[in-house]
Structures are given as C-alpha cells and as structure tokens.
Amino acid sequence: MPSPSVASIADAARPITPQRITDDLDRLLEVLPERVGEALASPFSREQLLEVVLDLGRAPEARYPGRAQLLDQRPIDRADLAAVVQRLGSFGGDNRAGIERTLHRISAIRNRGGEVVGLTCRVGRAVFGTVAMVRDLLDSGQSLLLMGRPGVGKTTALREIARVLADDLERRVVVIDTSNEIAGDGDIPHPAIGRARRMQVARPEHQHQVMIEAVENHMPEVIVIDEIGTELEAQAARTIAERGVMLVATAHGNELANLIKNPTLADLIGGIQSVTLGDEEARRRGSQKTVLERCSDPTFPLAVEMHSRSRWLVHRDVARTVDQQLRGQPVRPQVRELGSDGLLRLNDPEPGPASPRMPRRGLVAAGDRPPPGPSLAPVPLPDPELLPPHRRSAPPAPAAPPLRLYCCGVSPQLLEQVVRSRQLPVERASLVEDADAVLSLRQQLGREPQVRSQALERHVPILVIKADTLPQIQRGVERLLRRRGGDGDREAGATGPASAPDDAHGAMEECRLAVEQVVLPQGRPVELLPRSPSVRRIQADQVNGYGLRSAEFGSGDQQRLRVFPP
C-alpha cells in the first residue's frame with residue numbers, strides 16, 4: 001500500500017481541532033468500593049482507563065488498552081458487590097445500569113439464582129473532535145454505518161456525530177438509546193449529544209418498535225442507533241431509510257465482510273441471495289453457474305471500519321464493495337489516519353473524478369452491471385483536439401431516439417438489467433401502439449393473440465425469444481437494435497467493425513489507458529470496445545507486452561477483448 005498523503009477532506013491539510021475529553025471519572029469512583037477508588041486516585045492510573053472489573057472471590061482489576069492491572073490483593077466479597085448495586089439502583093432488562101447524567105455503564109453478571117456475582121464498570125467519555133474523521137460524510141446526507149471491535153470507540157464517535165448533526169448542521173436528530181449508553185443515565189440527556197433528542201427503550205427487544213415510533217411521531221431528519229443486532233432491527237432500519245430519513249448506526253462486526261457472512265444483518269448491506277446463471281452468462285463472467293449476488297440496494301450507502309481510534313477505513317460505495325467481495329475481486333477502501341502531528345491523512349486508492357471530456361461509454365468494467373458512482377467512470381480517452389489530424393475520429397452522429405419496446409411475457413426487471421448493464425438506448429412501452437418493436441416469449445404470444453393482431457395492424461415488428469433469461473433478452477434487444485439501423489450498435493455503447501479498422505491508433509490508446517489506469521492499479525478486469533479481428537489482435541499483442549492475459553468475448557460484430565489483472 002502506498003504511503004498516505006495529506007488530503008483536503010474537512011480541512012485535512014491543516015491540523016484539526018484538538019480532541020477534548022470529559023469523563024466524569026470521580027462520579028464512577030464514588031460508586032466503587034473505597035479501596036478500589038483509592039487505587040485509582042492518581043492521574044497516571046486514570047489515564048486511558050477502559051473499565052474496572054469486580055468479580056466475586058477475585059481481586060479487583062483495572063483494564064487499559066492492551067494491558068490489565070490488579071488494584072488490590074484482597075478479593076471482592078458479596079458485601080462489596082451489594083454496596084455498589086445499592087448505590088446504583090435497579091438494573092434494566094439488559095443487566096445494565098448507569099450513573100445519572102454521566103456516560104458510565106455498569107453491567108452485571110448474575111448466577112442461576114439471579115444474584116449479582118460480577119460487575120463490569122465501563123468508563124464513558126465524551127470526546128469532542130473525533131467527528132473530523134468523517135465530517136464530509138455527514139454533509140452528504142447519506143446513511144452511515146460504523147463497525148469495529150468492542151472498545152475501539154464506536155459509541156463515542158456516534159455520540160459526537162449526533163451532536164454535530166444537531167448543533168452544527170441543524171438537523172432534527174433523535175437518538176434511540178437502548179441502554180442509555182449514548183446520552184447517559186437519567187431522564188436528562190448528557191450534554192455530549194448537543195440539541196439531539198433522546199428516546200429511551202424500556203426493554204432491548206423493543207428497540208425496533210421504538211425506531212419506527214420515532215419516525216412516525218417525532219418527524220426526525222436523522223435517527224442515531226447504537227448496536228443493530230437483530231433481524232427485526234435491520235428490517236426497521238430499512239423501513240426508516242426508505243422513508244427518506246438518514247440513519248447513523250453501529251452494528252455487530254469488525255468489518256464489512258462480517259455482515260456479508262451474517263444472515264441476520266446482511267440486509268443492512270443489501271442482502272445476499274444465491275443465483276443460478278445461464279451457460280453463456282457464466283462463461284462471460286468466468287465463474288461457476290451458481291453465484292452469490294446482492295439482492296437490493298444497501299440500507300447504508302456509506303460504511304466505516306474503525307480499526308483503531310486514529311485509523312478508519314471508509315467505504316464510500318457499499319453496494320460496489322459488496323459486489324466486489326462476492327465476485328472475489330480485491331476491495332480497496334479509503335484509509336483515513338489521524339497522525340500524532342494532528343494532521344488527517346488520506347490514502348485513497350480509487351481513481352479521481354471523471355474528466356469533463358470523457359465519453360459516456362469509453363470502458364465498462366466486466367460484470368453484469370456497471371458499478372455506480374463517479375469514481376467508477378470510464379477511463380478517459382485522449383482529448384481529440386490534442387491529437388494529430390490522422391488520429392482524430394469523425395464527429396459523433398446525432399443520437400437517435402431510444403427504441404420503444406413492448407414486452408410480452410418478458411420480465412421487466414430482467415429487461416431493465418440488460419438495458420442498464422449494456423447501456424442500450426431502449427425504453428419500455430406500456431402499449432403496443434406506442435412501441436417500435438415487440439419482444440415476446442414464444443408461448444406467451446399464443447396466450448395473447450391480441451398483441452400479435454395489434455402489432456400486425458400497426459406494422460410493429462415482433463421478435464420471439466425462447467426463454468425469459470438475461471442472455472436471451474440481451475441477444476433479442478441487440479438484434480432489434482441492429483434491425484433498426486446501422487447506428488444501433490454504436491448507440492448501445494459499441495463501435496462496429498466497419499469503423500474499427502480506421503481507428504487502430506485509438507484502439508491502442510484505449511487499451512493502454514485501460515491497463516495503466518484500471519487493470520494494473522485497481523486489479524479490475526476491463527472490457528474494451530468491440531473491434532475488428534485485426535485490431536483485436538493488435539490489442540492482444542499490446543496486452544501481452546504488459547505481461548497480462550486477455551480473452552475475446554461476444555459474437556458477430558460485438559466481439560471485444562477483455563483484459564484480466566495479473
């Protein structure tokens with residue numbers, strides 16, 4: 001991985017605001033046994049303190065990042081635990097309690113009789129300044145998911161994000177505080193969440209109901225949730241997102257790959273389903289016939305993996321990341337690191353924004369759908385004005401109107417996928433009289449004789465396909481486009497062989513840019529534009545010169561070269 005460079009994200013090129021920490025640690029020490037409080041009286045013993053563990057029959061222990069320290073040689077007895085529980089008050093249904101108007105959390109371990117035999121006293125801190133790592137993501141208004149191991153600071157970041165959204169961005173923010181960990185114990189929220197409102201949850205299993213209630217009753221623009229962990233909560237999050245409300249949440253899992261393997265929470269990143277491909281599609285992808293694919297758009301378009309308090313990995317397009325992982329392609333998230341010098345450094349392996357002169361259909365990454373987002377725009381081709389006269393292409397012809405297609409028994413979803421993946425100039429017509437052509441299944445045309453009669457009356461051509469599959473629909477649509485006129489293929493994103501021999505220099509330049517800007521740096525396969533056999537041979541020799549492998553795909557005048565990464 002290349003060395004990180006200083007990037008201009010949320011004033012990353014300048015020192016960010018120093019982090020300010022408040023922890024109200026004295027309030028927690030007042031609740032603990034006196035000998036434990038005395039052992040933690042020095043500033044050195046308090047620095048970076050994560051939690052204090054009190055287990056029956058064992059010595060009290062303080063835990064810090066990467067180490068633990070005994071606080072006293074005498075073991076904890078039942079009287080010590082009873083005194084702490086008495087000072088705290090009752091525990092909730094999740095065996096958690098807190099100290100009013102602080103962020104500390106005390107969790108109980110009980111025996112089979114329901115008696116408390118252990119306490120985990122976790123130090124809660126409000127850290128002001130951590131949001132600088134993802135401030136630009138908040139400005140986008142898209143839902144954000146935070147992941148990371150316990151103790152890495154997910155809840156601390158969530159608390160600061162809620163405050164910034166409510167105070168700085170002036171959004172209507174509602175915090176769903178299941179265990180009173182985000183806004184502290186008591187009925188008055190901790191000042192760390194700013195003007196954000198807090199809704200408490202009576203029982204943890206009711207969290208999904210409170211999430212829906214918040215949207216229906218309190219008109220929030222942003223919902224903040226800590227620890228989405230059940231299928232009902234994942235479904236509630238999708239319902240909220242579909243209503244146009246921004247979500248900021250944490251989830252069980254260290255990284256995005258964990259959610260793909262978790263059937264309970266997979267819906268947060270679009271859900272995973274098993275799909276059986278046809279023979280031609282499997283050969284085109286170079287994969288098995290049964291593959292895993294994403295079911296729908298992710299609930300959270302943005303995701304952050306918190307590997308430490310100063311090193312975060314940002315996935316700016318979760319849908320694309322999930323698709324790449326399901327296909328075994330390398331994933332290169334954006335790395336953000338806060339250095340000891342106070343500078344936010346960015347290592348972004350993704351390509352930069354598209355050039356304004358870039359053609360709309362230069363190159364398309366191999367696969368059944370082109371990934372969305374500006375970072376996946378086609379590789380820019382040379383500016384025609386800068387090329388010598390013999391290498392300039394003729395000016396493009398005016399774009400013809402799209403082909404209006406009436407489907408008889410053909411799945412609209414599959415047709416839409418074909419049109420989107422191949423960038424075909426096709427629109428679906430709802431009536432035969434409005435269509436330029438009819439695409440029908442063989443058996444369906446017999447069940448709907450009125451479609452045939454209406455098409456004959458209006459001289460609308462009919463193309464019959466054997467099966468309602470992606471390859472069959474794609475071949476049928478491309479055949480109708482070829483029938484329509486000589487420019488149909490070029491409108492669909494291809495350059496016919498008639499023009500390819502005259503543009504061998506452009507083909508070589510296209511191949512060079514594909515290899516040097518996509519295949520080698522990003523490790524992604526790329527399909528070049530359709531060319532004549534002689535030009536494809538030139539491109540294949542050029543690919544071999546880079547030590548890479550290529551193969552031909554397609555049929556007829558749609559034959560093209562696919563370049564594979566090393």
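If you're wondering where the values come from, they're calculated on a predicted model, not measured in any experiment.
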(request) Report the C-alpha distance between Thr299 and Ile240 in whole Å, list the side-chain angles of each, state the deciding distance to 0.1 Å, and finish with yes or no for side chain to side chain contact (heavy atoms under 4.5 Å, CB included). (result) CA-CA 9 Å; Thr299 303; Ile240 292 172; over 6 Å; no
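- Side-chain atoms of Asn544 come within 3.5 Å of backbone atoms of Ala540 as a donor-acceptor pair (strictly under, hydrogens ignored).
- Within 6.0 Å of atom CZ in Arg428, 12 or fewer heavy atoms from other residues, nucleotides or ligands are found, so the atom counts as exposed in its surroundings.
- Gln559 and Arg536 share a donor-acceptor pair across their side chains, judged by distance under 3.5 Å alone.
- A salt bridge links Arg238 with Asp267: the closest approach of a Lys/Arg side-chain nitrogen to an acidic carboxylate oxygen falls below 4.0 angstrom.
- Between Glu337 and Arg311 there is a salt bridge, since a side-chain N of the basic residue sits under 4.0 Å from a carboxylate O of the acidic one.
- Using a cutoff of 4.0 Å between basic side-chain nitrogens and carboxylate oxygens, Arg327 and Asp323 are not scored as salt-bridged.
- Side-chain contact, Glu305 with His315: a donor N or O sits under 3.5 Å from an acceptor N or O.
- For the residue pair Gln329/Gln325, the side-chain donor-acceptor check at 3.5 Å is not satisfied.
- Of the N and O atoms on the side chains of Asp468 and Ser411, not one donor lies less than 3.5 Å from an acceptor on the other residue.
- More than 12 heavy atoms of other residues, nucleotides or ligands sit less than 6.0 Å from atom CZ of Arg475.
- Glu527 and Arg562 are joined by a salt bridge, as a carboxylate oxygen and a charged side-chain nitrogen come within less than 4.0 angstrom of each other.
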